Visitor: 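One structure, pasted below without further comment.
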Amino acid sequence: MADQSIPEARAPRTPKAASKAASKAGSKAAPEAAPTAASKGEAPLNAGAGDDASRAGVLSRRRLLGTAGATGLVLGAAGGAVGYAARPAEATPLASLGAGQVMFHGKHQPGILQGLQARGHLVAFDLAAGAGRKEAAALLRRWSETARRLMAGEAAQQDDTDVARDAGPSSLTITFGFGFGFFARTGLEKQRPVALDPLPDFSSDQLDKARSNGDLWVQIGADDALVAFHALRAIQKDAGKAAKVRWQMNGFNRSPGATSSPMTARNLMGQMDGTRNPKPAEADFDRRIFVPQSGSKDPAWMANGSYAVVRRIRMLLDDWEQLSVKAQEEVIGRRKADGAPLSGGTETTEMDLEKTDKAGNLVVPINAHARITRPDQNGGAAMLRRPFSYHDGIGADGVPDAGLLFVCWQADPLRGFVTVQRKLDRGDALSKYIRHESSGLFAVPGGAAEGEYVGQRLLEG
């Protein structure tokens with residue numbers, strides 16, 4: 001699923017000249033790495049050795065994995081728990097988790113096809129007063145260069161904070177998008193896609209306008225919290241006087257390797273979240289998720305791009321947790337333990353919507369979330385969901401401010417998110433236990449080619 005490759009060796013981030021030497025190491029990539037976390041899915045809520053490096057003392061990936069394997073054998077022989085408790089783990093330059101690298105340049109921007117990442121930051125900016133097309137182009141040029149460097153495991157070009165010093169790329173992705181207001185601010189109204197028209201109002205919305213929309217949107221994800229924060233600070237600093245932060249949200253997912261084998265993620269309600277996500281291997285995947293290069297009503301600069309709908313969905317966990325497991329399963333339409341449909345089988349078994357129990361009642365309730373969100377119940381509407389969970393503390397009343405940073409991708413938000421959300425608005429059993437608190441829609445152009453910056457075909461076209 002990912003344009004993800006792992007260098008045979010890569011020096012950790014180091015400032016200034018050291019990072020330049022490190023960037024030359026490991027330019028040859030190993031074969032594509034399998035995603036570390038499954039992003040298969042059902043609609044979540046309401047709608048995751050170069051010589052230079054060797055001389056620098058960095059273990060090659062092959063040597064590192066060999067060392068790790070040998071260590072595991074020793075610990076196993078000695079009794080693993082005892083071995084770990086006896087002394088802290090010795091530091092190694094790059095574990096396999098830190099060595100994961102996603103390429104910045106490509107057909108699509110990074111952060112869409114990759115599996116769920118352990119840590120994420122979503123941030124929206126508004127262009128500063130007086131900033132226009134020229135300033136926006138310079139900003140996207142800076143941001144793209146910073147993204148390219150950080151995703152390669154290098155230090156930021158200027159004033160690196162050293163927050164991610166010693167860390168590898170950690171599968172860092174940085175994704176950029178444009179909001180509705182961006183086009184008026186830059187005099188590019190004629191290039192604004194019709195698909196970017198504001199989302200309609202939904203009856204379940206309780207939106208905070210201050211935490212919604214924005215001229216520019218940035219999504220950051222990584223398998224390490226410090227690497228993700230380092231990127232967030234670099235992007236914020238690069239904005240300079242051209243743009244100011246409108247809102248920012250922090251999210252997380254299960255860490256890669258936390259389960260014995262890759263599996264569908266769970267959300268903060270304890271439910272498997274993502275079972276029926278469309279998969280790149282499906283014949284119509286690109287048509288549903290990405291804007292085609294030709295034959296589209298979208299402007300040419302959106303070719304190979306996608307539209308991101310971003311929603312902060314608060315989970316009313318105190319109410320949800322009062323339900324029995326059986327009642328929770330009936331709300332969702334799937335078993336909590338393994339994600340299998342209530343009609344029987346395993347997680348991937350096709351749901352039998354007509355199956356009834358001995359009393360003649362539908363086994364999957366008519367208002368179950370999983371029933372309502374099925375593409376075949378919505379004219380084939382589909383979205384690629386790639387969310388993060390969030391927890392922003394506990395209020396004075398003891399109620400947690402927690403839920404889902406819902407991010408979904410589609411070629412046409414009207415046929416994707418809006419179609420499904422309208423139906424959910426009319427009778428989803430889950431609606432009683434969630435609250436939509438912020439919203440945004442962003443046009444995310446295709447990936448930047450070598451020598452280009454993201455959005456260049458729009459800003460210089």
Side-chain angles (χ1 to χ4, degrees), residues 41-47 122 124 179-181 194-214 217 247 249 267-269 271 273 276 307-323 327-334 353 362 364-385 387-390 392 395 399-410 412-442:
E42 185 137 74
L45 299 183
N46 262 25
L122 307 180
F180 184 87
V194 173
L196 200 58
D197 286 352
L199 297 173
D201 294 330
F202 301 103
S203 62
S204 59
D205 286 352
Q206 298 183 39
L207 304 182
D208 178 356
K209 292 184 178 180
R211 292 196 294 182
S212 299
N213 302 312
W217 176 68
W247 54 260
M249 302 173 190
N267 58 39
L268 298 189
M269 287 178 161
Q271 302 290 147
D273 194 340
R276 288 184 58 87
Y307 292 92
V309 173
V310 182
R311 309 275 280 186
R312 184 183 191 270
I313 304 176
R314 185 168 181 172
M315 296 175 174
L316 308 181
L317 294 178
D318 283 354
D319 295 335
W320 175 256
E321 291 162 4
Q322 291 297 313
L323 297 178
Q328 292 178 353
E329 292 177 337
E330 289 175 346
V331 167
I332 301 300
R334 289 182 173 272
L353 300 181
L362 288 170
V364 180
I366 197 69
N367 61 348
H369 184 75
R371 174 190 285 268
I372 294 175
T373 58
R374 286 171 57 95
D376 59 9
Q377 301 294 300
N378 295 280
M383 305 165 283
L384 178 65
R385 282 83 62 192
F388 293 94
S389 292
Y390 78 87
D392 288 343
V399 176
D401 182 1
L404 198 72
L405 301 181
F406 175 81
V407 182
C408 72
W409 302 88
Q410 58 260 288
D412 183 348
L414 183 61
R415 294 191 61 191
F417 173 79
V418 173
T419 296
V420 177
Q421 185 60 29
R422 277 177 172 160
K423 191 165 184 180
L424 289 169
D425 226 25
R426 294 196 295 267
D428 177 25
L430 187 59
S431 296
K432 182 179 177 181
Y433 304 98
I434 60 176
R435 187 164 63 222
H436 290 236
E437 296 187 336
S438 70
S439 178
L441 172 61
F442 303 95

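Note that the structure is predicted; figures quoted are calculated from it, not measured. In what follows, residues are counted from 1 in the order of the sequence shown.
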Visitor: To check you understand the geometry: which heavy-atom pair defines the closest contact between Gly416 and Ala381, and what is its length?
Guide: O-CB, 4.1 Å

Visitor: Once you round to the nearest 0.5 Å, how far does CD of Glu329 lie from CZ of Arg334?
Guide: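 Output value for this atom pair is 11.5 Å.
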
Visitor: Using a 3.5 Å distance criterion without hydrogens, assess whether the side chain of Arg314 forms a donor-acceptor pair with backbone atoms of Glu437.
Guide: no

Visitor: Can you give me the closest heavy-atom contact between Asn378 and Arg374, atom names plus distance?
Guide: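 The pair with the smallest heavy-atom distance is ND2-O, 2.7 Å.
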
Visitor: Which distance, rounded to the nearest 0.5 Å, do you find between the NE2 of His369 and the CG of Leu424?
Guide: 6.0 Å

Visitor: How long is the gap from CG on Asp376 to CG on Leu353, to the nearest 0.5 Å?
Guide: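 Taking CG in Asp376 and CG in Leu353, the distance rounds to 6.5 Å.
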
Visitor: Could you report the tightest heavy-atom contact between Ala124 and Asn213, atom names first, then the distance?
Guide: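 Looking at all heavy atoms of both residues, the shortest contact is CB-O, 3.5 Å.
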
Visitor: Using a strict 4.0 Å threshold on nitrogen-to-oxygen distance, state whether Arg312 and Asp401 make a salt bridge.
Guide: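 Salt bridge present between Arg312 and Asp401.
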
Visitor: Does CG belonging to Asp201 count more than 12 external heavy atoms closer than 6.0 Å?
Guide: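 Counting neighbours around CG of Asp201, 12 or fewer heavy atoms of other residues, nucleotides or ligands fall under 6.0 Å, so no.
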
Visitor: Which pair of heavy atoms, one from Asp205 and one from Pro200, lies closest together, and at what distance?
Guide: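 Nearest heavy atoms, Asp205 then Pro200: OD2-O, 4.4 Å.
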
Visitor: Please answer whether the main-chain N or O of Tyr307 pairs with a side-chain N or O of Gln410 as donor and acceptor at a distance below 3.5 Å.
Guide: yes

Visitor: Of the non-hydrogen atoms in Trp247 and Leu122, which two are nearest, and what is the gap between them?
Guide: CZ3-O, 3.7 Å

Visitor: Has the side chain of Asp428 got a donor or acceptor atom that lies under 3.5 Å from a matching backbone atom of Lys423?
Guide: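 Checking the backbone N and O of Lys423 against the side chain of Asp428, no donor-acceptor pair under 3.5 Å is found.
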
Visitor: Can a salt bridge be assigned to the pair Asp208 and Arg211 using a cut-off of 4.0 Å between side-chain N and carboxylate O?
Guide: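 Between Arg211 and Asp208 there is a salt bridge, with a charged N closer than 4.0 Å to a carboxylate O.
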
Visitor: Which is it for Val418 and Leu199 under the side chain to side chain contact (heavy atoms under 4.5 Å, CB included) test, yes or no, and what are the steps along the way?
Guide: CA-CA 7 Å; Val418 173; Leu199 297 173; 3.8 Å; yes

Visitor: When you measure from the side chain of Trp320 to the backbone of Met315, do you find a donor-acceptor pair of N or O atoms at a distance under 3.5 Å?
Guide: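 No, because the side chain of Trp320 does not come within donor-acceptor range (under 3.5 Å) of the backbone of Met315.
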
Visitor: How are the rings of Trp217 and Trp409 set relative to one another: parallel (under 30°), tilted (30 to 60°) or perpendicular (over 60°)?
Guide: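 The arrangement is tilted - the two ring planes meet at 30° to 60°.
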
Visitor: Find the distance between CG (Asp197) and CG (Leu414) and round it off to the nearest 0.5 Å.
Guide: 9.0 Å

Visitor: Using the side-chain contact (heavy atoms from CB on, under 4.5 Å) rule, pick out the option among Arg385, Met383, Arg422 that qualifies with Phe417.
Guide: Met383

Visitor: State, with a plain yes or no, whether a side-chain heavy atom of Met249 is found less than 4.5 Å away from one of Val310.
Guide: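 With C-beta onward as the side chain, the pair stays apart.
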
Visitor: Roughly how far apart are Arg426 CZ and Asn367 CG, rounded to 0.5 Å?
Guide: 13.5 Å

Visitor: For Ser203, is there any backbone N or O sitting under 3.5 Å from a side-chain donor or acceptor partner on Asp425?
Guide: yes

Visitor: How long is the gap from CD1 on Ile372 to OG on Ser431, to the nearest 0.5 Å?
Guide: 7.5 Å

